[in-house]
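What follows is a single structure, written as structure tokens, with notes after it.
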There are 2 protein chains.
Amino acid sequence: MARKQGSHSEITGPRVREAAQRLIARHGYAAVSMRQIAAEVGVQAGALYLYTPDKQTMLFDLMKDHLTELLAAWDEVVLPEGAIPRLEAFVRFHIRFHLARPEAVVIAYMEMRNLEPENHRAIEALRHGYEDRLEKILIEGQGAGDFQIPDTRLAAMALLSMLNGIPGWFREDGRLSRGRVERIYWNMIRRAVGA
Amino acid sequence: MARKQGSHSEITGPRVREAAQRLIARHGYAAVSMRQIAAEVGVQAGALYLYTPDKQTMLFDLMKDHLTELLAAWDEVVLPEGAIPRLEAFVRFHIRFHLARPEAVVIAYMEMRNLEPENHRAIEALRHGYEDRLEKILIEGQGAGDFQIPDTRLAAMALLSMLNGIPGWFREDGRLSRGRVERIYWNMIRRAVGA
DNA sequence: GCTTTCGCTGAACGTCTGTTCAGATAGATT
DNA sequence: AATCTATCTGAACAGACGTTCAGCGAAAGC
């Protein structure tokens, strides 16, 4: 027994990625074995190494791709004029983007400590870039007198913490719709920054 | 070689606990082995089983004790009158308590998924109790017209997410003092709830 | 000083880990 | 029809895992 019926790398590749993402999001990187991921795909463990050089790279690629997509998506948003509308755009964008990818989000914020030093630095730089994009809006609004925030960096971290909590409790079939969550969050954040 | 000079369970016990807390906070439960914990204490792996029935119980006890202390400490706070001062008391209490125990906090919020079902339920119940105590203040203030929050549960989750982010970036020797962080956070939260 | 108890060692257990690789087979190419 | 190549198996590797336990030496109780 070897190559299976209709097996293709364009099919198995994404399936490996999805299985890894699902399992790591649920149980954590260190708790998931290559054999578990392989079983989820319906393949032997050795076959995974046709799609990744090793387990660590698998994690790194998941995180890197997520953050790269996040930055690219934000940079494509057409920004309105004024810091307040821009902050609103950021908040709504962030909530939508993250609620659409709960597994990637969990991994990006829980598995930092399982990255080897070099990978850790690379991912941290990407994340830092995203924080900077939010802080830029806050600095802008602070300069224009739209916001009252004594420390824009702290405010950026606080707002992101608040936003990042959402995928932790939001349920698609729960009490609140995505739109309602967006609206309530924007209201809280608008007031929090003094706008 | 067996029992060492001056060795006592009252000394080794806490040392095991501290080593486990430190290592699990840093690397994660699944990534830390009993042999690593033992090495940190300066003992063989087998000796750990004089202080815990197994690794899972070790994690459970760390989380349970942390949350139990948290609830007990909050319940001993003498609450002022009025929802706004009470919310301020909560915010300042929360920041102080958590900044004093960064390792316990990281574990309590990252290792839920490594708890076996029964333990998971127990810890979730404790955490739920803490969320309820915050929501109680929000409901109180909403009823009195002090706050403008359309959904007290969502607001409670949002505020806790925001607060729980602090130990992730706060540095004792950093740009901002604890007192300043407390003040800025309270200001943001006060405005966020419309007070 | 003798005995009991406590705290720990060091080896062993069966199982699982990430990773490698020769060999096998299905599908594509000629 | 014959050849080639991409995809996967199944076994093997050395080492690490959580946990158990007989035995031993130091401390405590008498």
Side-chain angles (χ1 to χ4, degrees), chain A residues 1-21 23-24 26-63 107 111 113-119, chain B residues 1-21 23-24 26-63 107 111 113-119:
Chain A
M1 234 173 294
R3 185 171 186 173
K4 289 191 187 168
Q5 265 200 345
S7 63
H8 289 296
S9 114
E10 315 105 56
I11 292 176
T12 310
R15 298 227 307 140
V16 167
R17 192 197 161 79
E18 286 156 24
Q21 186 166 71
L23 287 173
I24 294 175
R26 183 129 52 210
H27 306 292
Y29 172 76
V32 171
S33 73
M34 294 300 263
R35 273 171 249 263
Q36 283 175 57
I37 296 171
E40 187 94 348
V41 178
V43 108
Q44 292 296 319
L48 296 182
Y49 291 84
L50 293 169
Y51 304 97
T52 186
D54 49 46
K55 195 190 178 192
Q56 168 72 200
T57 304
M58 214 165 187
L59 174 63
F60 176 65
D61 285 342
L62 284 172
M63 297 176 78
I107 293 174
E111 304 297 349
R113 61 186 173 184
N114 287 308
L115 289 172
E116 284 160 13
E118 195 182 344
N119 293 338
Chain B
M1 233 176 295
R3 187 173 186 173
K4 289 190 186 168
Q5 263 201 344
S7 63
H8 290 296
S9 112
E10 315 104 57
I11 293 176
T12 310
R15 297 228 305 141
V16 167
R17 192 196 161 78
E18 285 156 24
Q21 186 165 73
L23 288 173
I24 293 175
R26 183 128 53 206
H27 306 291
Y29 172 76
V32 171
S33 72
M34 295 300 264
R35 275 171 247 262
Q36 282 176 58
I37 297 170
E40 187 94 348
V41 179
V43 107
Q44 293 295 319
L48 296 182
Y49 292 84
L50 292 169
Y51 304 97
T52 184
D54 49 47
K55 195 189 177 194
Q56 168 72 202
T57 305
M58 215 166 186
L59 175 62
F60 176 65
D61 284 343
L62 283 173
M63 297 176 78
I107 294 174
E111 304 296 349
R113 60 186 175 184
N114 288 308
L115 289 173
E116 285 161 11
E118 194 182 346
N119 292 339

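Chain naming here is simple, since letters A, B, ... match the order of the sequence lines and numbering starts at 1 in each. Computed from a prediction, not measured in an experiment: that's the story for all the values here.
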Just how far, in rounded Å, is [atom2] of [N] from [atom1] of [X]?
| X | N | atom1 | atom2 | value |
| --- | --- | --- | --- | --- |
| B:Leu50 | C:dT5 | CG | P | 16 Å |
| B:Glu10 | C:dC6 | CD | P | 12 Å |
| B:Leu48 | D:dC21 | CG | P | 17 Å |
| B:His27 | D:dA16 | NE2 | P | 16 Å |
| A:Ile37 | C:dT17 | CD1 | P | 11 Å |
| B:Met34 | C:dT9 | CE | P | 14 Å |
| A:Ile11 | C:dG27 | CD1 | C1' | 13 Å |
| A:Asn114 | C:dG18 | CG | C1' | 15 Å |

Partner residues of B:Arg15 under the salt bridge (charged side-chain N to carboxylate O under 4.0 Å, His left out) criterion, sequence neighbours left out =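 B:Arg15 satisfies salt bridge (charged side-chain N to carboxylate O under 4.0 Å, His left out) with no other residue.
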
Do B:Lys55 side-chain atoms and B:Val32 backbone N/O form a donor-acceptor pair below 3.5 Å?
-> yes

Between A:Gln56 (side chain) and A:Asn114 (backbone), is there a donor-acceptor pair under 3.5 Å?
->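 Side chain of A:Gln56 to backbone of A:Asn114: a pair is present.
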
Looking at [X], I'd like to know whether one of its side-chain N or O atoms comes within less than 4.0 Å of OP1 or OP2 on [N].
| X | N | value |
| --- | --- | --- |
| B:Thr12 | C:dC8 | yes |
| A:Tyr49 | D:dT9 | no |
| A:Tyr29 | C:dG18 | no |

Side chains of residues 37-44 of chain A: which donor-acceptor partners sit under 3.5 Å, not counting sequence neighbours?
| unit_1 | atom_1 | unit_2 | atom_2 | d |
| --- | --- | --- | --- | --- |
| A:Glu40 | OE2 | A:Arg22 | NE | 2.9 |
| A:Glu40 | OE2 | A:Arg22 | NH2 | 3.2 |

Nearest-nucleotide check on DNA chain D, A:Arg35 vs B:Gly46; residue mapping nearer the 5' end is A:Arg35

Tell me what A:Val41 touches on the nucleic acid: a base, only sugar-phosphate, or nothing, going by heavy atoms under 4.0 Å.
-> nothing

Selection from [options] that lies nearest to any side-chain heavy atom of [X]:
| X | options | answer |
| --- | --- | --- |
| A:Ser33 | D:dG18, D:dT9, C:dT17 | C:dT17 |
| A:Lys55 | D:dC17, C:dG10, C:dG18 | C:dG18 |
| B:Gln36 | D:dC17, C:dT9, D:dC8 | D:dC17 |
| A:Ala47 | C:dG10, D:dG18, D:dC8 | D:dC8 |

Matching residue for A:Val16 among A:Leu48, A:Thr52, A:Leu50 - test: side chain to side chain contact (heavy atoms under 4.5 Å, CB included) | A:Leu48

